[in-house]
2 protein chains.
Amino acid sequence: MKIDPIHILKDHDLKHTKQRVRVLEEIAMDSVAISQPELEKKLGKEIDRVTLYRILNAYEEKGILHKIMDMNGTANYAICSPSCSVDHHHDEHVHFNCTNCLKIYCLDVMIPKIKMPAGFTASTVNTTAYGICEKCSVLQSGN
Amino acid sequence: MKIDPIHILKDHDLKHTKQRVRVLEEIAMDSVAISQPELEKKLGKEIDRVTLYRILNAYEEKGILHKIMDMNGTANYAICSPSCSVDHHHDEHVHFNCTNCLKIYCLDVMIPKIKMPAGFTASTVNTTAYGICEKCSVLQSGN
DNA sequence: AATATAAATGCAATTAGGTTGCAAATGTAG
DNA sequence: CTACATTTGCAACCTAATTGCATTTATATT
Ligand SMILES: [Mn+2]
Ligand SMILES: [Mn+2]
Ligand SMILES: [Zn+2]
Ligand SMILES: [Zn+2]
């Protein structure tokens with residue numbers, strides 16, 4: 001999927017700064033989600049830690065990125081589908097967290113409807129599968 | 001569900017100490033999961049921070065507690081079902097994270113089977129629903 | 001193009017979550 | 001009761017994340 005940072009920023013009423021563009025570029029680079037620590041490692045020389053936090057938060061709030069927590073409580077970020085907007089994310093797909101390479105994939109698999117017990121009203125449902133991803137699986141078997 | 005800390009400790013080859021009993025009591029007290037920070041607030045005067053971490057980790061490894069990460073990356077703990085054991089948790093139920101009171105419930109709802117894309121092998125699946133819980137729902141409407 | 005102004009950035013300081021090493025205290029098996 | 005292994009508490013440390021504030025930057029207007 002091609003990404004145009006400048007348009008994305010315009011569309012979401014965010015000023016166009018080189019730090020914001022860099023963050024988007026970096027995240028769009030790979031199709032899998034990227035963690036905050038990885039981003040910091042890659043961009044730490046160009047962008048201040050604090051600024052990175054603020055940009056990621058802004059992107060999440062605006063519906064540009066969605067945040068996926070892994071088993072260690074580390075935040076990972078992936079580009080939202082175009083239907084996401086402020087305070088309404090449409091991140092209704094299953095995530096896959098590889099226990100080997102730790103990458104998080106946004107799968108093209110919908111989250112099944114869950115029947116809630118009486119009294120509980122769910123607005124969003126989050127599903128993450130843990131296991132071995134495509135790449136790691138090939139590497140292990142093919143050796 | 002009644003909990004007997006002393007038996008649980010025996011059954012899992014853990015020494016019976018007053019700190020361990022207190023932690024189990026505290027977690028068993030409420031049917032919803034409790035977060036590490038809450039536990040620390042409640043027990044901080046009786047039990048050292050570090051000891052609490054160590055107890056929680058031991059309990060998780062032994063299959064006494066399971067850890068549920070919330071949207072903020074905070075660890076929450078709940079008593080495992082009796083079928084859980086060392087390095088094999090059976091936590092195949094849906095969790096409900098109330099966006100109002102922030103409590104996490106272990107629901108009596110199974111996680112539906114998910115069909116994985118080719119190449120991806122899932123060993124465990126985790127589902128959390130976010131929304132308004134039973135109690136908060138009553139409080140809001142009844143007021 | 002120059003200017004005004006609101007927003008974003010970087011830096012320093014702080015808070016909070018979590019870990020490590022070690023001496024003292026405690027539980028349990030003999 | 002004793003011996004020994006384990007657990008605990010404390011101090012130090014490390015890393016993640018937040019806050020306040022001065023400086024810089026983007027953009028709307030003249
Ligand atoms: Mn996703
Ligand atoms: Mn549970
Ligand atoms: Zn992998
Ligand atoms: Zn609630």
Side-chain angles (χ1 to χ4, degrees), chain A residues 4-27 33-62 64-65 67-77 86 102 104, chain B residues 4-27 33-62 64-65 67-77 86 102 104:
Chain A
D4 179 357
I6 290 144
H7 276 154
I8 292 182
L9 291 173
K10 268 238 173 66
D11 289 353
H12 292 86
D13 293 305
L14 290 171
K15 280 191 180 173
H16 163 260
T17 69
K18 75 171 191 302
Q19 294 88 340
R20 284 178 174 167
V21 172
R22 282 294 289 119
V23 171
L24 266 186
E25 282 175 350
E26 204 55 49
I27 294 177
I34 184 166
S35 69
Q36 194 280 333
E38 281 180 273
L39 276 170
E40 195 175 321
K41 224 185 310 174
K42 288 197 179 179
L43 301 173
K45 291 282 150 60
E46 313 172 46
I47 304 178
D48 185 77
R49 261 171 67 70
V50 179
T51 304
L52 179 56
Y53 280 116
R54 292 195 271 229
I55 290 176
L56 291 172
N57 287 338
Y59 283 179
E60 200 201 347
E61 275 175 19
K62 291 285 186 175
I64 296 173
L65 296 181
K67 177 159 77 170
I68 310 135
M69 286 290 174
D70 67 20
M71 59 258 212
N72 304 309
T74 303
N76 292 66
Y77 293 92
V86 184
L102 303 183
I104 295 183
Chain B
D4 179 357
I6 290 144
H7 276 155
I8 292 182
L9 291 174
K10 268 238 173 66
D11 289 352
H12 292 86
D13 292 305
L14 290 171
K15 278 191 181 173
H16 163 261
T17 70
K18 76 173 192 300
Q19 294 88 340
R20 282 177 175 167
V21 172
R22 281 295 289 118
V23 171
L24 266 186
E25 282 176 349
E26 203 56 48
I27 295 177
I34 184 166
S35 70
Q36 194 282 332
E38 281 180 274
L39 275 171
E40 195 176 321
K41 224 185 308 172
K42 287 198 180 181
L43 301 173
K45 292 281 150 63
E46 313 173 44
I47 305 179
D48 185 76
R49 261 168 61 70
V50 179
T51 303
L52 178 56
Y53 280 116
R54 292 195 271 228
I55 289 176
L56 292 172
N57 287 338
Y59 283 179
E60 200 201 346
E61 276 175 19
K62 291 284 187 174
I64 296 174
L65 296 181
K67 176 158 78 171
I68 311 136
M69 287 290 176
D70 67 19
M71 60 257 211
N72 305 309
T74 303
N76 292 66
Y77 294 92
V86 185
L102 304 182
I104 295 182

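Below, chain A is the first sequence line, B the second, and so on; all start at residue 1.
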Within residues 37-48 of chain B: residues closer than 4.0 Å to DNA chain D (heavy atoms): B:E46, B:I47, B:D48
Whole-Å distance, A:Y53 OH to D:dT19 C1', equals 14 Å
Just to verify, what does B:Q19 make a side chain to side chain donor-acceptor pair (under 3.5 Å) with, not counting sequence neighbours? none
Sequence neighbours excluded, the answer for side chain to side chain donor-acceptor pair (under 3.5 Å) partners of A:N57 is none
Hits for salt bridge (charged side-chain N to carboxylate O under 4.0 Å, His left out) against A:K42, two or more places apart or cross-chain, chain-then-number order -> A:E26
Qualifying residues under side-chain contact (heavy atoms from CB on, under 4.5 Å), relative to A:Q36, sequence neighbours excluded: A:E40, A:L52, A:Y53, A:L56, A:Y77
Can you list the residues that meet the salt bridge (charged side-chain N to carboxylate O under 4.0 Å, His left out) rule with A:R54, with sequence neighbours excluded? none
salt_bridge(B:E38, B:K41) N-O dist < 4.0 Å: no
Just the rounded figure in Å: distance from C1' of D:dT6 to CG of B:D13. 13 Å
Here the distance between atom P of D:dT7 and atom CD of B:E61, to the nearest Å, is 11 Å
Could you tell me the separation between the CZ atom of B:R49 and the P atom of D:dA11, rounded to a whole number of Å? 13 Å
Output the rounded distance in Å from CG (B:N57) to C1' (D:dT8). 15 Å
Polar atom pairs (N or O), protein with nucleotides 21-28 of chain D, under 3.5 Å:
| from | atom 1 | to | atom 2 | distance (Å) |
| --- | --- | --- | --- | --- |
| D:dT27 | OP1 | A:H16 | N | 3.1 |

Closest heavy-atom pair, A:V50 versus A:D48, reported as atoms and distance to 0.1 Å, is N-OD2, 2.9 Å
The helix from C:dA1-D:dT30 to C:dG30-D:dC1: angle between terminal helix axes, five bp per end, to the nearest 10 degrees, reads 40°
Set of side-chain contact (heavy atoms from CB on, under 4.5 Å) partners for B:L9, sequence neighbours left out: B:L14, B:H16, B:R20, B:V21, B:Y59
Distance, nearest 0.5 Å, that separates CE of B:M69 from CE of A:M69: 9.0 Å
To the nearest Å, give me how far apart CG (B:L56) and P (D:dT8) are. 11 Å
Where chain A begins and ends its contact with DNA chain C, read 5' to 3' at 4.0 Å from heavy atoms: C:dA6 to C:dA12
Nearest-0.5 Å distance that lies between atom CD1 in B:I27 and atom CD1 in B:I64: 10.0 Å
To the nearest 0.5 Å, what is the distance between CD1 (A:I104) and CG (A:N76)? 3.5 Å
What pairs with A:N72 under side-chain contact (heavy atoms from CB on, under 4.5 Å), at least two apart in sequence or on another chain? A:D70, A:T74
Name all residues meeting the side-chain contact (heavy atoms from CB on, under 4.5 Å) criterion together with B:D11; count only those two or more places apart in sequence or in a different chain, and write none if there are none. none
